Amino acid sequence: MTPFGTRLAHAIEERGRFCVGIDPHAALLHEWGLDDDVASLERFALTVVEAVAPVVGIVKPQSAFYERFGSRGIAVLERVVEESRAAGALVLMDAKRGDIGSTSQAYADAYLDPTSPLGCDAVTASPYLGFGSLDPMLEACRRHGGGLFVLALTSNKEGPEVQHARTGDTSVAGTVLAHLRAANAGAEPVGSFGAVVGATIGDTEEDLDVNGPLLVPGFGAQGGTVDDMARIFGRASRWALPSSSRDVLRAGPDVGALRDAARRGNDAVRGLGA
Ligand SMILES: O=c1ccn([C@@H]2O[C@H](COP(=O)(O)O)[C@@H](O)[C@H]2O)c(=O)[nH]1
């Protein structure tokens, strides 16, 4: 199986680095003239897939917006995964999973085994039960060519309380980044184990180069800009995936307008990492 890092490098080369989040917020359903029900969730999500999955390299459905509709919402999420991949986009499931190792194995089976109904190209994970508790997910990535994006410096203002906490010279975020660097050692052109680092974090002393991809939420609706990214990420922006949900989704429900918004996002970040 081709490693995720290699597949991602091809996707960036062919389609660009911009990641579109498929987040059916209740407020967006309303803005699109839809109701807050499962039929509307499906209409919204599959319209976004039709518009953006043929043109961007990677999409990121946010699991929570589907989970709130129960099993029928999850059925919509399964279609989002299947149809996005059929259109040629990689799918990064934003589920932020993490638990004791034996339960992490079940998350690995759910999101990283290609035979699972929710099997994706990559998933987001939380390291706060200890990075080693994610081992079953790392192992599943190695076995199936999947990717893992681990929270390091998140885009929300509450994140620093935990992520900047220090033991001796090392912060919690620095520890996570060091584990990722070790997991990606020697991988070419880039490893399969990424960090989540928000576009809104401001200047940081952490070394963001983990020889792996960086998922960069907070771009657009949360205020992060291309200039912020260039300043914060420097050389590490070579493998950065700026991600935006609401800023793109507000262009709907017109398919052409959504696709144009995704293309504009892609064009805006093309020069990063050059
Ligand atoms: O640090 C993080 C990690 C994940 N997210 C998720 O990304 C999108 C952001 O949506 P926007 O509409 O572009 O603000 C959303 O799914 C978050 O759960 C994040 O924002 N920050």
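For the single chain, residues carry numbers from 1 onward in sequence order. Note that ligands are numbered from 1 as they come in the structure, with each ligand's atoms numbered from 1 the same way. Please read these numbers as outputs of a predicted model, since none were measured by experiment.
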Undergrad: Applying a 4.0 Å heavy-atom criterion (strictly less than), which segment of P217 is in contact with ligand 1: side chain, backbone, both, or neither?
TA: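 For P217, the contact with ligand 1 is made by the side chain alone.
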Undergrad: Inspect the surroundings of CD in E188 and state if more than 12 heavy atoms from other residues, nucleotides or ligands are less than 6.0 Å away.
TA: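 Atom CD in E188 is not crowded, with 12 or fewer foreign heavy atoms closer than 6.0 Å.
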Undergrad: Walk me through it: do Y66 and E78 pass the test side chain to side chain donor-acceptor pair (under 3.5 Å)?
TA: CA-CA 10 Å; Y66 303 81; E78 289 174 14; over 6 Å; no
Undergrad: Could an N or O of ligand 1 be found under 3.5 Å from any N or O of S243, whether backbone or side chain?
TA: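 No; the residue has no nitrogen or oxygen that sits under 3.5 Å from a nitrogen or oxygen of the ligand.
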Undergrad: For ligand 1, which atoms, with element, lie under 4.0 Å from some heavy atom of R246?
TA: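 Within the 4.0 Å cut-off of R246, ligand 1 contributes 11 (P), 12 (O), 13 (O), 14 (O).
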Undergrad: Starting from atom 20 (O) of ligand 1, what is the nearest protein heavy atom, named by residue and atom, and what distance separates them?
TA: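 So the nearest neighbour among protein heavy atoms is Q222 NE2, 2.8 Å.
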Undergrad: Which atoms of ligand 1 are found less than 4.0 Å from any heavy atom of D23?
TA: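 Reading through ligand 1 atom by atom, the close ones are 8 (C), 10 (O), 15 (C), 16 (O).
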Undergrad: For atom 6 (C) of ligand 1, which protein heavy atom lies nearest, and how many Å away is it?
TA: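 Heavy-atom neighbour on the protein nearest atom 6 (C) of ligand 1: D94 OD2, 3.4 Å.
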Undergrad: Any luck finding a side-chain donor-acceptor pair between D35 and S40 under 3.5 Å?
TA: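 The answer is no; no qualifying pair exists.
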Undergrad: What residue and atom, counting heavy atoms only, is the protein's closest point to atom 21 (N) of ligand 1, and at what distance?
TA: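 Checking every protein heavy atom, the shortest distance to atom 21 (N) of ligand 1 gives S155 OG, 2.6 Å.
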Undergrad: Assess the side chains of S245 and Q62: does a donor N or O sit below 3.5 Å from an acceptor N or O?
TA: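 No donor-acceptor contact under 3.5 Å links the two side chains.
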Undergrad: Using distance alone, with no hydrogens and no angle criterion, decide if S171 and E206 have a side-chain donor and acceptor under 3.5 Å apart.
TA: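 Distance-only check passes for S171 and E206.
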Undergrad: Take atom CD in E82; do more than 12 heavy atoms of anything else shown fall under 6.0 Å from it?
TA: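 Not more than 12 within 6.0 Å, no.
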Undergrad: Quick one: nearest non-hydrogen protein atom to atom 10 (O) of ligand 1, plus distance?
TA: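 Nearest neighbour among protein heavy atoms for atom 10 (O) of ligand 1, to 0.1 Å: S245 OG, 3.3 Å.
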Undergrad: Relative to each other, are the rings of H179 and F131 parallel, tilted or perpendicular (30° and 60° limits)?
TA: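 Correct class here is parallel.
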Undergrad: Kindly confirm or rule out an N or O of S244 lying under 3.5 angstrom from an N or O of ligand 1.
TA: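 No.
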Undergrad: Just to be sure I read this right, does ligand 1 sit under 4.0 Å from the backbone of L249, its side chain, both, or neither, counting only heavy atoms?
TA: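 For L249, there is no contact with ligand 1 at all, from either part.
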Undergrad: Could you tell me whether T154 and ligand 1 have an N or O pair separated by under 3.5 Å?
TA: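 N/O-N/O distance under 3.5 Å: no.
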Undergrad: Considering K96, K60, Q62, which one's heavy-atom position lies nearest to atom 4 (C) of ligand 1?
TA: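 Of the listed residues, K96 has the closest heavy atom.
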Undergrad: To the nearest 0.5 Å, what is the distance between OG1 (T124) and CG (D94)?
TA: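 Atom-to-atom, T124:OG1 and D94:CG are 4.0 Å apart.
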